A.B. asks: 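Got a structure for you, questions after.
Worth saying up front: this structure is predicted, and the values here are computed from it rather than measured. Below, chains carry the letters A, B, ... as their sequence lines are ordered, and counting in each starts from 1.
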2 protein chains.
Amino acid sequence: MEPPTPHKRTGRPRSAEADRAILGATREALVELGWGKLTLSDVAARAGVAKTTLYRRWAGKNELVVDAIAALFEEQLDLPDLGSLQADIRGVVLRFAGLLDHPAIRTGLMAVVAEATHDDALRLRIREAIVDRQKHLVLLGRARAQSRGEIPPDDTDPALTARDADLIFDVIAGSVVHRVMVSATPVDDDWADRLALLLVLGLSGVRR
Amino acid sequence: MEPPTPHKRTGRPRSAEADRAILGATREALVELGWGKLTLSDVAARAGVAKTTLYRRWAGKNELVVDAIAALFEEQLDLPDLGSLQADIRGVVLRFAGLLDHPAIRTGLMAVVAEATHDDALRLRIREAIVDRQKHLVLLGRARAQSRGEIPPDDTDPALTARDADLIFDVIAGSVVHRVMVSATPVDDDWADRLALLLVLGLSGVRR
DNA sequence: GTGTTTCGCTACGGGTCGTAGCGTAACTTC
DNA sequence: GAAGTTACGCTACGACCCGTAGCGAAACAC
């Protein structure tokens, strides 16, 4: 029988402070060196822990960076109701863009997504720790818009409902990421306004 | 006085076949090993050239991968006129998605974009070799839609014109990339249809 | 106290990096 | 042809990072 907390009953407990120091050092090194030149030896030295301690907790660079970045996503769970679909979209866009203000996220997120191309476990980890948490904000805005009557209620076919939600999530998140990472131009209020307007107009007619 | 071809007058010329072999081997290694485990030693061995030859032409892994990927973008210069803005958008979306069908592009493009976060020269290289070439397709579709009267002609302020074009490019390219890379779901005809419809509806009302 | 787990430290073989040096091959110019 | 120039393949090298093993000490539960 597996206990609820699987393996921590006896012995010396793992230092929670070491965890924070390692993840912080990882983000710091990520900004200074970038993904390619980041080494676990360097991270261990910055964090003030032994390299072996690092390997006891993470399997490698990929997993470490995912956790270091995921920690920055943990706080934001929802978004205040801004009164209209357009305002809510604008809020979500600015929220996403705010996350990409962290240099560590800009550098690390793309790198781990690239690595996830041929590492299914890593992709799952990214999805659970980061992507699904962002998607929740989009689903929240969608539900609010439905309750306001701005967009039609859920389709009788749940598959179609999920399909539409996936589309709008890819559009919002993808646009912001592309703007910041590829076009290398910051997301300002004006851009968020125009994107929100574009989507509201598109959504208002998409079901007729 | 700099000659038009700066440095190639005398001496043994560089093997064009070696170039092709190296870039091909890079793409092959990229698919098999991924960005992180790709080594220049391995690429040289696959290409059948000496490692030193590789270093004589590229400064490092970043530059090599950018060129290896950029070669896959060189053929597609434009898109047939499909008769309507919606059809053209659909065509561009499917074209972008088709590029991401190359496993080498999926794996390498994100990685070099991540590295470009702290390497301005690399970012410029990516922009010239890849991004601007894609943007051209969007601008082409925009011009066609204007000649059809589907969207208003260029604003008197060229800055506003460029701003709107940048927005729609970020939305199209970003949505496709996010769909394929993050959501890890292929772009099929149905998805392209729905995205194109969303954008056409949004664009039809955005200037009122 | 005893038992257990984590910690810091050191050391190690294996691999890649990026460069240097050498002799040879290919091509241009005279 | 011969001389000059550049690219090539090959070998070797110090430097660095990887990931693991082994050790004694520290921090907990019982």
Side-chain angles (χ1 to χ4, degrees), chain A residues 2-26 28-30 32-67 111-112 115 119 121-122, chain B residues 2-26 28-30 32-67 111-112 115 119 121-122:
Chain A
E2 295 284 336
T5 53
H7 44 61
K8 285 181 182 174
R9 187 77 59 167
T10 176
R12 176 177 177 172
R14 288 193 171 173
S15 164
E17 189 182 1
D19 259 36
R20 288 185 284 108
I22 292 172
L23 294 177
T26 302
E28 183 184 316
L30 211 48
E32 287 185 21
L33 307 174
W35 166 269
K37 298 188 175 176
L38 181 147
T39 73
L40 296 196
S41 306
D42 187 18
V43 170
R46 288 169 189 262
V49 303
K51 192 173 61 167
T52 45
T53 299
L54 231 156
Y55 278 100
R56 288 192 190 100
R57 309 190 183 195
W58 287 278
K61 197 155 108 172
N62 294 341
E63 291 78 6
L64 174 60
V65 171
V66 170
D67 283 5
V112 293
E115 290 298 309
D119 185 339
L122 186 65
Chain B
E2 295 284 337
T5 54
H7 44 59
K8 285 182 183 175
R9 186 79 57 169
T10 176
R12 175 176 178 175
R14 288 193 170 173
S15 165
E17 190 182 1
D19 259 37
R20 289 186 284 106
I22 291 171
L23 293 177
T26 302
E28 182 184 317
L30 210 46
E32 287 184 19
L33 307 174
W35 167 269
K37 297 187 176 179
L38 181 147
T39 73
L40 296 196
S41 306
D42 187 18
V43 170
R46 288 170 189 261
V49 303
K51 192 174 61 168
T52 45
T53 299
L54 231 156
Y55 277 101
R56 287 190 190 101
R57 309 191 185 196
W58 287 278
K61 197 155 108 173
N62 294 340
E63 291 77 6
L64 173 61
V65 171
V66 170
D67 284 4
V112 293
E115 290 298 311
D119 184 338
L122 186 65

A.B. asks: For A:E63 and D:dG19, what is the distance between atoms CD and P respectively, to the nearest whole Å?
C.D. replies: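 My rounded result for the distance is 10 Å.
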
A.B. asks: To the nearest Å, how far apart are B:L54 CG and C:dT19 P?
C.D. replies: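 Between P of C:dT19 and CG of B:L54: 12 Å.
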
A.B. asks: Measure the spacing between CD of A:E32 and CG of A:D42 and express it to the nearest 0.5 Å.
C.D. replies: 8.0 Å

A.B. asks: Rounded to whole angstroms, how far apart are CG on B:L33 and P on C:dT16?
C.D. replies: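 For the pair B:L33 CG and C:dT16 P, the rounded distance is 10 Å.
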
A.B. asks: When you measure from every atom of DNA chain D, which of residues 36-49 of chain A have a heavy atom less than 4.0 Å away?
C.D. replies: A:T39, A:L40, A:S41

A.B. asks: Looking across every strand, which nucleic acid part, if any, lies under 4.0 Å from B:T52 by heavy atom: base, sugar-phosphate, or nothing?
C.D. replies: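 Base: the residue B:T52, judged by heavy atoms under 4.0 Å, touches a nucleobase.
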
A.B. asks: Counting C-beta onward and ignoring hydrogens, is there a side-chain heavy-atom pair between B:T52 and B:R56 closer than 4.5 Å?
C.D. replies: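 Side chain of B:T52 against side chain of B:R56, heavy atoms only: contact under 4.5 Å found.
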
A.B. asks: For B:K61 and B:G36, which heavy atoms make the closest approach, and how far apart are they?
C.D. replies: NZ-O, 3.7 Å

A.B. asks: Give me the atom names and distance for the closest heavy-atom approach of B:L38 to B:L30.
C.D. replies: CD1-CD1, 3.5 Å

A.B. asks: Measure the spacing between OG1 of B:T39 and CG of B:L33 and express it to the nearest 0.5 Å.
C.D. replies: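 Here the interatomic distance stands at 7.5 Å.
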
A.B. asks: For residues 17-25 of chain B, which side-chain donor-acceptor pairs fall under 3.5 Å, sequence neighbours excluded?
C.D. replies:
from: B:D19; atom 1: OD1; to: B:R57; atom 2: NH1; distance (Å): 2.0

A.B. asks: For the pair made of NZ in B:K61 and C1' in C:dC17, what is the distance, rounded to whole Å?
C.D. replies: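 For the pair B:K61 NZ and C:dC17 C1', the rounded distance is 11 Å.
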
A.B. asks: Nearest whole Å is fine: how far is C:dC17 P from B:W58 CH2?
C.D. replies: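 In whole Å, C:dC17 P lies 15 Å from B:W58 CH2.
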
A.B. asks: Quick one: A:E17 CD to D:dC28 P, roughly how many Å, whole number?
C.D. replies: 12 Å

A.B. asks: Might you list the N or O atoms of the protein lying below 3.5 Å from N or O atoms in nucleotides 23-26 of chain D, with each pair's distance?
C.D. replies:
from: D:dA26; atom 1: N3; to: A:R12; atom 2: NH1; distance (Å): 3.2

A.B. asks: Just to confirm, is there a sub-4.0 Å distance from OP1 or OP2 of D:dG9 to any side-chain nitrogen or oxygen of B:T53?
C.D. replies: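 B:T53 to D:dG9 OP1/OP2: side-chain N or O found under 4.0 Å.
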
A.B. asks: Between the base of C:dG8 and the side chain of A:K51, is one N or O donor paired with an acceptor at under 3.5 angstrom?
C.D. replies: no

A.B. asks: Using side-chain heavy atoms (C-beta onward) and a distance below 4.5 Å, is B:N62 in contact with B:W35?
C.D. replies: yes

A.B. asks: Round to a whole Å and report the spacing from CG of A:N62 to C1' of D:dG19.
C.D. replies: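 Spelled out: CG on A:N62 to C1' on D:dG19 is 15 Å.
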
A.B. asks: Short question: side chain of A:E115, backbone of A:L122 - any donor-acceptor pair under 3.5 Å?
C.D. replies: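 No: the side chain of A:E115 does not pair with the backbone of A:L122.
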
A.B. asks: Looking at every non-hydrogen atom in both residues, tell me the closest pair between B:L40 and B:L54 and how far apart they are.
C.D. replies: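 Taking every non-hydrogen atom into account, O-CD1, 3.7 Å.
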
A.B. asks: How long is the line joining OH of A:Y55 and P of D:dG19, in whole Å?
C.D. replies: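 After rounding, the gap between these two atoms is 4 Å.
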
A.B. asks: Take B:A59 and B:G11, find for each the nucleotide of DNA chain C with the closest heavy atom, and name the residue whose nucleotide sits nearer the 5' end.
C.D. replies: B:A59

